[in-house]
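Indexing begins at 1, ligand by ligand and atom by atom, following the structure's order. Since this is a predicted model, take the numbers as computed values, not measurements.
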Amino acid sequence: MTQKKAADPAATNEYVTLTDHSTGENYDFPLMPGTVGPKVIDVRSLYGRSGHFTFDPGYTSTGSCESKITYIDGEVGVLMHRGYKIEDLAEHSDFMEVCYLLLNGELPNAREKAEFEDTITHHTMVHEQINYFFRGFRRDAHPMAVMVATVGALSAFYHDSLDINDPRQRMITSHRLVAKMPTLAAMAYKYSVGQPFVYPRNDLNYAENFLHMMYSVPAEQYKVNPVLARAMDRIFILHADHEQNASTSTVRLAGSTGANPFASVAAGISSLWGPAHGGANEAVLKMLEEIGSVDNIRSFIKQVKDTNDDVRLMGFGHRVYKNYDPRAKVLQKNCHEVLDALGIKHEPLLEIAVELEKIALDDEYFIKRKLFPNVDFYSGIILKAMNIPTSMFTVLFAVARTVGWIAQWKEMIEDPSQKLGRPRQLYTGPTERPYIPLHKRR
Ligand code: ACO
């Protein structure tokens, strides 16, 4: 199959004309087609030709890059990685395969998959000195704070893979990041509960290994529950990438300066932490606990709808999805499966969530604003059932998203049209004025 090169404006003869009515000048801007989705207007020459910038805080109408990794149609509720639907990947694939797909562009064959798994498995240990690094944190540090610091600190340990211009080193760093994130995440948890760090085991798969490092203790054998391992693997798949979201854009922006990938991913982790983004999964659980009972839902919804109150229905709404987030659909189904498999017959938080969703989806406020459950709405309930502490929820998101961050970073570095990311602004501050010496200021 031949594809038009999407970044080449010459690939289409369509143009959009901008008229500056103050001068009567017309400017034509080429339309660039993607392989699917709306065409974009190439405004790169706008300032040079017209002397004006575009103004788009929050980037609601701005494409920042060309990418072949992930496609979202938010109106319909479609998410695809490299052309494969997320529902198919969640059902039939596993996280290692999805990692390979995101990093390399194609699904692996059996040999490639075995080699990739072997490589990741053999990178899971962290430098022993990182253990000492942990001791500087307070016991009650939020694990996301620990992750920001320790992932950034990896750049102080792996000097042999920091040359961003060397494709081999880029791949080694990608493997190291994917492999070491669960180890660091489990260490952050162990440190917070005062238990010894548990080393990874090479006979376990990615999700099993993570659960082993989280829950095993030297005093007794821990047997990984396959249902939990599969559920964890699926959660990792569903969070692996989501095109140019806030944290990925942060990674790309940091990486566009030539900063090393460990530092760039640490920036992404910081961005993910906020409750408007990855921190929402933790916030959803707190919200459900605060609501406390199905009987309180209506008064909570009233509070959310009150424009004088800044309470939001966490796990609802999305910048891109104006329909049901396909990941939330998979997780909603998964949630029931996991609870059944664990023999949990009655989970009050799930009952509140199901009823909350029903009421919200039927309410004019949410319908008008096209607010639907997002990926965070059900993930917390599954993680809670799996005994994962709430403060670790966003950490798990970071573990899963690392492959997306690093795949996007690699794609950016390998793109010949890559430039330093540097937005412009509309300045509305004071115009030039004379400096007033201190003794003359009132
Ligand atoms: N609860 C109540 N009202 C909401 C919600 C919500 N969760 N989300 C949006 N709205 C309302 C806003 O108040 C606004 O109403 P208005 O037009 O009357 O002012 C309207 O819907 C549009 O909202 P914006 O904030 O302008 O939309 P934006 O695209 O910037 O926000 C966001 C997207 C941040 C995700 C928002 O929906 C939100 O805060 N949701 C809750 C947090 C959450 O679940 N985040 C996770 C997102 S998924 C992820 O990152 C993994």
*Short side-chain donor-acceptor distance under 3.5 Å, Ser67 and Glu243*: no

*Pair Glu115, Tyr100: side-chain N/O donor-acceptor within cut-off below 3.5 Å*: no

_Going by the rule side-chain hydrogen bond (donor to acceptor under 3.5 Å, both in side chains), which residues pair with Glu289 if we only count those two or more places apart in sequence or in a different chain?_
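side-chain hydrogen bond (donor to acceptor under 3.5 Å, both in side chains) check on Glu289 returns nothing, list empty.
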
*What residues, two or more places apart in sequence or in another chain, satisfy side-chain contact (heavy atoms from CB on, under 4.5 Å) together with Ser293?*
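Checked Ser293 against side-chain contact (heavy atoms from CB on, under 4.5 Å); matches are Asp295, Asn296.
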
*asked:* Can you pull out every ring pair (Phe, Tyr, Trp, His ring centres under 6.0 Å) where at least one residue sits in residues 382-429? Sequence neighbours excluded, please.
replied: His239-Phe397

Contact table ligand 1 N or O to protein N or O, d under 3.5 Å:
unit_1   : atom_1 : unit_2 : atom_2 : d
ligand 1 : 1 (N)  : Leu313 : N      : 3.0
ligand 1 : 3 (N)  : Tyr365 : OH     : 2.9
ligand 1 : 7 (N)  : Leu313 : O      : 2.7
ligand 1 : 7 (N)  : Phe316 : O      : 2.9
ligand 1 : 13 (O) : Arg312 : NH2    : 3.3
ligand 1 : 15 (O) : Arg369 : NE     : 3.1
ligand 1 : 18 (O) : Arg369 : NE     : 3.1
ligand 1 : 18 (O) : Arg369 : NH2    : 2.9
ligand 1 : 25 (O) : Arg312 : NH1    : 3.0
ligand 1 : 25 (O) : Arg312 : NH2    : 3.0
ligand 1 : 29 (O) : Arg319 : NE     : 2.8
ligand 1 : 30 (O) : Arg319 : NH2    : 2.9
ligand 1 : 39 (O) : Arg312 : NH1    : 2.8
ligand 1 : 40 (N) : Phe316 : O      : 2.9
ligand 1 : 44 (O) : Gly315 : N      : 2.8
ligand 1 : 44 (O) : Asn374 : ND2    : 2.9
ligand 1 : 45 (N) : Ala276 : O      : 3.0
ligand 1 : 50 (O) : His277 : ND1    : 2.8

*Is there a side-chain contact between Val98 and Phe236 (heavy atoms, below 4.5 Å)?*
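Val98 does not reach Phe236 side chain to side chain.
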
